[in-house]
Amino acid sequence: MLTIDDHDERIAAAIAEQQALRQRVVSRDVFGELRLVAGVDAGFEQDGAVIRAAVVVLRFPELAPVDYALVRQPVTFPYVPGLLAFREAPAIMAALDRLRETPDLVICDGHGIAHPRRCGIACHIGVLLDLPTIGCAKQRLVGRFTPPAPERGARSPLFDGHEQIGWVLRTRADAQPVFVSPGHRVSLDRAPELVMACTTRFRLPETTRFAHRLASHGQLPLV
DNA sequence: GCGACAG
DNA sequence: ATCTTGTCGC
């Protein structure tokens, strides 16, 4: 049976793995022409016993869906702030493996280096699959900032002490900003412009919106 | 000891 | 994440 001690050991092992993974994160732009951009997200079923991971690939820069994949797996890790990847990344990576073609960039629902150990889910997935990734979260995990101007495109740096770990980006006028940080093979400078290029009239990028709908409704919208 | 805490 | 009514604004 699983004891509290086992739980603590899994937490400790996960933190140790993040310390190792962070060493492999590449924070420079290492990607070619963007033709396919993917969005990934996760939803749950059976009272949280099953995770449903979704990935939708959009043709860039049109942002029209061209492929998708859906994977369901039993949940094996609890939600612990800072350890989200150990709960969602396995299923998300399985979904990415099912695509017919490898995307040129993946935008994740969660943080990249804007994380206590600079290893959020975007870094985790990026390093393990060696794919360019960006983290685009709806809420802050760590860091301090001053709110960006109310216009679309306005941004302000997200700091942890004196180190910039991401951006607070206003993707839509008068709406709550999103938290953007590089995952793997993407620079701090280009992350926000790439997210803006994937965003149209809504707060969240189209990649995330499509993936979110697939993950929660279990199917791609008919329009 | 008291808050904060991605999804 | 998930549930769910009410409300604001274009």
Exercise. Does some side-chain heavy atom of A/Arg52 sit less than 4.5 Å from a side-chain heavy atom of A/Val71?
Worked result: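 They are not in contact (no side-chain heavy atoms under 4.5 Å apart), so the answer is no.
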Exercise. Near DNA chain B, which residues from residues 112-151 of chain A have a heavy atom under 4.0 Å away?
Worked result: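 When residues 112-151 of chain A is checked for heavy atoms under 4.0 Å from DNA chain B, the hits, listed by number, are A/His115, A/Gly120, A/Ile121, A/Ala137, A/Lys138, A/Gln139, A/Arg140, A/Leu141.
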Exercise. In what stems does DNA chain B take part, counting only runs of at least 3 consecutive Watson-Crick or G-U pairs whose two distances fall under 3.5 Å?
Worked result: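 Stems found: none.
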Problem set entry | Atom CD of A/Gln19 with >12 non-hydrogen neighbours under 6.0 angstrom |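 Buried by this count: over 12 neighbours within 6.0 Å.
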For this session: Tell me what A/Phe44 touches on the nucleic acid: a base, only sugar-phosphate, or nothing, going by heavy atoms under 4.0 Å.
Result: sugar-phosphate
For this session: Select base, sugar-phosphate, or nothing to describe what A/Ile92 touches, counting heavy atoms under 4.0 Å on all strands.
Result: nothing
Using the rule that two of Ile, Leu, Val, Met, Phe, Trp, Tyr join whenever any of their side-chain heavy atoms come within less than 4.5 Å, decide whether [X] and [Y] are in one cluster.
| X | Y | answer |
| --- | --- | --- |
| A/Leu204 | A/Leu169 | yes |
| A/Val55 | A/Val106 | yes |
| A/Val40 | A/Val75 | no |
| A/Leu131 | A/Ile92 | yes |

For this session: Anything under 4.0 Å to a heavy atom of chain A counts; send over the first and last such nucleotide of DNA chain B, read 5' to 3'.
Result: B/dA4 to B/dG7
For this session: Measure the acute angle between the ring planes of A/Phe77 and A/Phe86, then classify it against the limits of 30° and 60° as parallel, tilted or perpendicular.
Result: tilted
Taking [X] first and then [Y], would you say they form a salt bridge - that is, a charged N and a carboxylate O separated by under 4.0 Å?
| X | Y | result |
| --- | --- | --- |
| A/Arg118 | A/Glu163 | yes |
| A/Arg72 | A/Glu45 | yes |
| A/Asp109 | A/Lys138 | yes |

For this session: Could you state the atom-to-atom distance from OH of A/Tyr79 to C1' of C/dT2 in whole Å?
Result: 14 Å
Seminar exercise, completed: Atom CG of A/Asp41 and atom C1' of C/dT2 are separated, to the nearest Å, by 13 Å
Problem set entry | Sub-6.0 Å ring centroid separation between A/Phe210 and A/Tyr68 | no
Exercise. Does the A/Arg203 side chain pair with the main chain of A/Pro177, one donor and one acceptor, at a distance under 3.5 Å?
Worked result: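 Flag set: sc A/Arg203 to bb A/Pro177 pair under 3.5 Å.
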For this session: Answer yes or no on whether A/Arg209 is positioned over the face of A/Phe202, meaning its NZ or CZ is under 6.0 Å from the six-membered ring centre and within 45° of the axis.
Result: yes
For this session: Determine the stems involving DNA chain C; a stem requires 3 or more consecutive pairs of the Watson-Crick or G-U wobble kind, each with both distances below 3.5 Å, and the answer is none if no such run exists.
Result: none
Exercise. What one-letter contact string describes nucleotides 5-10 of chain C from 5' to 3', where B marks a base within less than 4.0 Å of any protein heavy atom, S marks contact via sugar-phosphate atoms alone, and - marks no contact?
Worked result: ------
Problem set entry | Partner of A/Pro182 by side chain to side chain contact (heavy atoms under 4.5 Å, CB included), out of A/Leu194, A/Ile165, A/Leu188 | A/Leu188
Exercise. Sequence neighbours excluded, which residues qualify as salt bridge (charged side-chain N to carboxylate O under 4.0 Å, His left out) partners of A/Asp130?
Worked result: A/Arg185
